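Here is the structure we will look at, set down as structure tokens.
No experiment lies behind these values; they were computed from the predicted model shown. Counting starts at 1 for both ligands and their atoms, in listed order.
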Amino acid sequence: STPRSFSQIIAAVAWEVGKPLSIEEVEVAPPKAHEVRVKIVATGICRTDDHVLKGSFPNIDYPVIPGHEGAGIVESIGEGVTCVKPGEKVIPLCLPQCGECSSCLNPDTNCCLKTHLYESQNLMPDKTSRFTCKGKAIHHFLWISTFSEYTVMPDSAIARIDDDAPLDKVCLFGCGFSTGYGAAINTAKVKPGSTCAIFGLGGVGLSVVIGCKSAGASRIIGIDINKDKFTKARELGATECINPQDFKKPIQEVLVEMTGHGVDYSFEVIGHTDTMVAALASCHMNSGTCVMVGAPPSGSQLSFDPMLLFTGRTWKGSIIGGWKTKDSIPKLVSGYMEKKFNPDVLITHTLPFDKINEGFELLQSGKSIRTVLLF
Ligand code: CND
Ligand code: ZN
Ligand code: ZN
């Protein structure tokens, strides 16, 4: 049977910058060719969604349905879809893997050229929307808009996962855990016995801590201005935690003194330009590697002393942990099922979907690590 439009679907709409999300009834059109309609079961709240609400995420068209850390079940498929079938468990991919572009064909890169960084994903590939609310077309976010009970995505932006996977937990593989863990494992390639510094101990930064620990780092220094984050960081493997506000000196000088010569690997997982430069200056002047994970505010510019790079430091960025998403996210979920790692510890709150604004308040006040919303 041909799939129909669904009406009275509950979704959270950002009508304009600076306003809280508004729970609305929306209509969700059926998937077109090479598209999939998914019933979202659970979705996490990531700081990137907050950037969308604040207007600091680049190239967003409002009104928009945010959300990019979800898990669900395929409801229907459009013509030509072969990778998933109705009833299968899936994770929507906030970074697609088209399999055909120069990045997808290169075994060493993951940033598919179909990503929003290259071309807007506020509409489906045919430049139309599948969402309507109050007679208005609503934009998609990263092609996946997981803050909606049903959502449509291209088949390049979906991965089938294990039938037994608990969706209320594995949604974190859609962004936070995969991003942080991969930044340590794939992008930095942390070596056993090394020293690491992680700036920002939110859901993504703590996932970097988990990655550094599993790679065998012997010293893991967590840095945050909210000391309430330190207990969990220590539980997950941080050997020391420091608050920059406890020092008169700039934090990079503190880290160089603590280590004698700077850390081997530093990670910026906040998204501020000043901490991006501080993280770079914190690693060894010659052999140090600094990884930028925090999302730069749109339109920002960096200013730094070029000597920081001239002496040999490496500065890298990492999108979704460097994973080729369609290939890797199902394997990460399988690793979770085999108890190789446990991002459950990052979930501090679980709320019904209509309490979404409460979830954002918990994030903004620093009280939550990850809130998972359930439909
Ligand atoms: P969250 O807000 O949970 O964590 C940020 C942490 O940084 C908090 O614990 C803050 O207390 C701390 N912090 C804030 N300012 C400072 C400061 N000046 N010095 C030290 N610590 C500070 O955010 P999250 O973990 O969900 O996300 C972190 C960043 O990662 C954010 O910018 C998000 O947009 C980005 C991101 C990137 C990617 C990617 O693919 N690269 C994917 N998802 C999210
Ligand atoms: Zn591609
Ligand atoms: Zn995210």
Check whether any N or O atom of [X], backbone or side chain, sits under 3.5 Å from an N or O atom of ligand 1, and answer yes or no.
{"X": "G200", "answer": "no"}
{"X": "H68", "answer": "no"}
{"X": "C46", "answer": "no"}
{"X": "P244", "answer": "no"}

Just which atoms of ligand 1 are under 4.0 Å from any heavy atom in [X]?
{"X": "K229", "result": "9 (O)"}
{"X": "C175", "result": "42 (C), 43 (N)"}
{"X": "G294", "result": "29 (C), 30 (O), 32 (O), 35 (C)"}

Does M292 come within less than 4.0 angstrom of ligand 1, counting non-hydrogen atoms of the residue? no

Does some non-hydrogen atom of G366 fall short of 4.0 Å from ligand 1? no

Taking atom 31 (C) of ligand 1 as the point of reference, which of T275, I270, T48 owns the nearest heavy atom? I270

Nearest heavy atom to atom 2 (O) of ligand 1, choosing from R47, H51, H272, belongs to R47

Determine the interplanar angle of the F177 and F173 rings, folded into 0 to 90°, and report it as parallel if under 30°, tilted if 30 to 60°, perpendicular if over 60°. perpendicular

Side chain to side chain contact (heavy atoms under 4.5 Å, CB included) for V28 and F131? Distances and angles first, verdict last. CA-CA 5 Å; V28 185; F131 295 122; 3.9 Å; yes

What heavy-atom pair brings A183 and F267 nearest, and what distance separates the two atoms? O-CE2, 3.6 Å

Does H68 bring an N, O or S atom to within less than 2.8 Å of the Zn ion (ligand 3)? yes

Would you say the side chains of S287 and H284 form a donor-acceptor pair under 3.5 Å? yes

Between D327 and K331, does any side-chain N to carboxylate O distance fall below 4.0 Å? no

SG (C98) to the Zn ion (ligand 2) to SG (C104) angle, given to the nearest 10 degrees: 120°

